[in-house]
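The block underneath contains the structure these notes are about, expressed in structure tokens.
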Number of protein chains: 2
Amino acid sequence: MTNSRRGRSASAEDVAKLAGVSRASVSRVFSDQGNVARETREKILQAANELGYQVNFLAQGLNRKRSQLIGVVVARLSDPFRSSLLEGLLSEIQRKGYQALVTEVRDANELEMTIRRFTQFRVSGVVVTSGQPPADLVKECVQHNIPVVGINRHMDIPYVDFVCSDNKMAASLVAEQFIRCGCKSIGWLNYKESTWSGINRGKVFYQVMVEKGACDESDLLQITAEMDGYEGGRQAAHRFCEQGKIVDGVFCANAQLACGFLDGMRENGFDAPADFHIIGFDNTPQTAQYSYRLTTIHQDVLETAKRVLSRLEARGQDPHIVQSIEEIPVKLVIRNTSPNFEPTMIRAK
Amino acid sequence: MTNSRRGRSASAEDVAKLAGVSRASVSRVFSDQGNVARETREKILQAANELGYQVNFLAQGLNRKRSQLIGVVVARLSDPFRSSLLEGLLSEIQRKGYQALVTEVRDANELEMTIRRFTQFRVSGVVVTSGQPPADLVKECVQHNIPVVGINRHMDIPYVDFVCSDNKMAASLVAEQFIRCGCKSIGWLNYKESTWSGINRGKVFYQVMVEKGACDESDLLQITAEMDGYEGGRQAAHRFCEQGKIVDGVFCANAQLACGFLDGMRENGFDAPADFHIIGFDNTPQTAQYSYRLTTIHQDVLETAKRVLSRLEARGQDPHIVQSIEEIPVKLVIRNTSPNFEPTMIRAK
DNA sequence: CTGTTAGCGCCTTCAG
DNA sequence: CTGAAGGCGCTAACAG
């Protein structure tokens, strides 16, 4: 009875009473704003410790009109790259002292509900790793002064920033590798209804190939998967072989497709690097494994996450800065499916 | 100027004014508690719509002393099983109208900080998929009346519930399969510093094997990986072969180890099912792929998530119900690495 | 440096 | 069925 509200958690007021000060001082100590005499601070900390006091973030956020929450929109976590991206984001979000609010969305409608709910929690920022942020929704965020940043996509929405792996650099690295290895007929494998980044990667790759004079339109073979993921790649390979087509080098929009395509080709008696070269995107752990040892473009997830957070904070301070689009450098990881040959023809055939 | 606070988001009071009612009624409509005349309800909804009103969850939570947040503790999302588990949890959490607060932890210390932060957000529940919830921390949760449930682990903490894949059932299914296939020398592969569920799976498997008379102590070969994940399994295989050991059937604590071990054996010239049988745990997408086609125990992630949420809600209503430990049935998915043979010897050797 | 005073936006009795 | 009043726990001026 004496101990304020039995069982309930202690409030700043309880602490203030015990320490014999005002709640304002308690607040000052725990949000370390404004100055507090060392002596009173210690009294407060001790009292707080005694009562097991902890700031109520709900009340804090209500008052500040901003919680320390950051909303993260994800999709298809079963893709290893996406889950490693989430991992990087979580780690960076926590390091900066925020808390991640994670929602998985399946369609545009869910994205809309989600962003709306994020604003209801007065999040400090929204990270979109999937789907196109609907323009009007974003407007709402801007109105509420909530920064939005998209990863691996890019649209012309004012006040929304983007950070994106450097697809052009990726294309160049791959093109050079293929050329160095003497590949002549090059293919580009992508899912029929790919994401923005998938499509963009293909477009840029084609441009680069033409620029380098490595191919004209007829040379770049578009291989289209009817399905996404590993199975999609595998079936694409089967259809490819049925049609009696042939390639020297295949570049794939993502790691899953690449592994699937490689396995599909193997089922048809073709293997890399003996019969063709194949290079993937994402560098997921699986691609490093013995059964694949895939040469692949590596995306720097941690750097991406860092940039995202710093964008979020920048726009949090000044909502009206100009849109920023950052490209994160990528690396080519050479493994078995397109090894570092001297510039000679690889196929005896 | 007339329009209340320009730019700011509308509050219940704004809606009340516009609709010509009291804020209490607005509140009633949006938390659909208490009765409101159809007519006034409609007036309110219209006004709300006009102003783009949305409930402020911070204020709501502050008042209700409980947010609609659910804290989820994860680790090592790079393991495909763990990310699929998270996926299942997210989906169920959203379906039930909650919002997930996700934190990745690396050690016990972080777990503690995390749970503490969860309580500061007055979450409606905490789901621990990794690490042992420290007893005193949990006590704090109980005190705050926050339900805690652990997945694939089990400890004797009062008022904390657990839901766990049925490891005994898994062991039986695998034992029977090995016996049916005539495997004689059976191995159990696990990481040196495995998780609770890994260790438990091994213990139970041994028990079952003895029960079935399929082996006594000397028969069950403990294969220990010095490292976790794919590489751990692979290196274990290499050491295993160096030592000139031999097995008929290997059961693995998880999918990553299984794939690694299989590949390691292949590098040494042994393959499944020709030279030995191997069965994994988790049934991650990768295990289904052409290069592995691993026979494996399947854990029902969605069912697990469902049970978790229902436990959370049950204890949310009555914090003092007795501890519940649910076992989720598993299935044996027969694939290539231990096919459905008639009961005969498989090895010519 | 510290205390006082107003809210933040919502929910919940309690009257009417 | 509806309105008025008080409070959830914290912060942000403003005085002292």
Side-chain angles (χ1 to χ4, degrees), chain A residues 4-5 7-45 47-48 51-69 119-124 144-145, chain B residues 4-5 7-45 47-48 51-69 119-124 144-145:
Chain A
S4 56
R5 295 80 47 78
R8 298 236 119 286
S9 44
S11 74
E13 178 150 16
D14 301 332
V15 177
K17 261 182 207 147
L18 208 176
V21 300
S22 74
R23 25 197 150 131
S25 297
V26 178
S27 173
R28 285 192 187 96
V29 169
F30 279 90
S31 50
D32 47 37
Q33 317 220 56
N35 290 333
V36 182
R38 184 164 300 172
E39 202 179 333
T40 41
R41 147 174 271 112
E42 275 170 13
K43 268 197 303 189
I44 290 175
L45 285 176
L51 296 175
Y53 168 72
Q54 325 221 149
V55 177
N56 179 331
F57 288 149
L58 262 21
Q60 186 182 73
L62 172 59
N63 202 299
R64 295 226 246 249
K65 295 169 178 347
R66 183 110 308 152
S67 66
Q68 35 174 326
L69 258 21
T119 71
Q120 297 187 258
F121 279 108
R122 299 292 184 267
V123 295
S124 291
H144 286 240
N145 218 321
Chain B
S4 56
R5 298 78 47 81
R8 298 238 118 286
S9 44
S11 73
E13 178 150 15
D14 301 332
V15 177
K17 262 181 207 146
L18 210 177
V21 299
S22 74
R23 18 191 153 133
S25 297
V26 178
S27 173
R28 285 191 188 98
V29 169
F30 280 89
S31 49
D32 47 38
Q33 316 220 60
N35 291 334
V36 182
R38 186 164 297 172
E39 201 180 332
T40 40
R41 146 175 271 113
E42 274 170 13
K43 269 196 302 190
I44 290 175
L45 285 175
L51 296 174
Y53 169 73
Q54 325 221 150
V55 177
N56 180 330
F57 288 149
L58 262 22
Q60 184 183 74
L62 172 59
N63 200 298
R64 296 227 249 247
K65 293 164 179 352
R66 184 109 309 153
S67 65
Q68 35 175 324
L69 258 20
T119 71
Q120 297 187 256
F121 278 108
R122 300 292 184 267
V123 296
S124 291
H144 286 240
N145 218 323

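Proteins come first, then strands; the chains are lettered A, B, ... in the order of their sequence lines, and each starts at number 1.
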On DNA chain C, check which nucleotide each of A:R122 and A:T40 is closest to and give me the residue with the more 5' one.
A:T40

Criterion side chain to side chain contact (heavy atoms under 4.5 Å, CB included) on A:E42 and A:R38, from CA distance to verdict:
CA-CA 6 Å; A:E42 275 170 13; A:R38 184 164 300 172; 3.9 Å; yes

Working to the nearest 0.5 Å, report the span between OG of B:S25 and CD1 of B:I44.
5.0 Å

Given axes from five pairs at either end, by how many degrees does the helix from C:dC1-D:dG16 to C:dG16-D:dC1 bend, rounded to 10°?
30°

Donor-acceptor contact present, side-chain A:R23 to main-chain A:S11, <3.5 Å:
no

Separation of atom CG in B:D14 from atom P in C:dC8, rounded to whole Å:
10 Å

Considering all heavy atoms of both residues, which atom of A:Q60 and which atom of A:V55 are nearest to each other, and what is their separation?
NE2-CG1, 3.6 Å

Do you know which two heavy atoms are closest between A:V29 and A:L45, and how far apart they sit?
CG1-CD2, 3.9 Å

Under 4.0 Å between a side-chain N or O of B:K65 and OP1 or OP2 of C:dC11?
no

Find the distance between CZ (A:F121) and CD (B:Q68) and round it off to the nearest 0.5 Å.
4.5 Å

With sequence neighbours excluded, what pairs up with B:R122 under the side-chain contact (heavy atoms from CB on, under 4.5 Å) test?
A:S9, A:N56, A:L58, B:H144

Rounded to whole Å, NZ of A:K17 lies from P of C:dT4 at a distance of 13 Å

Heavy-atom check, side chain of B:F57 versus side chain of B:L69, under 4.5 Å
no

Nucleic acid footprint by protein, nucleotides 10-16 of chain D - heavy-atom cut-off 4.0 Å, B for base, S for sugar-phosphate alone:
BBBB---

Between D:dC1, C:dG3, D:dG9, spot the one nearest the side chain of B:N35, thanks.
D:dC1

What is the separation between atom CG on B:L62 and atom C1' on C:dC11, rounded to the nearest whole Å?
10 Å

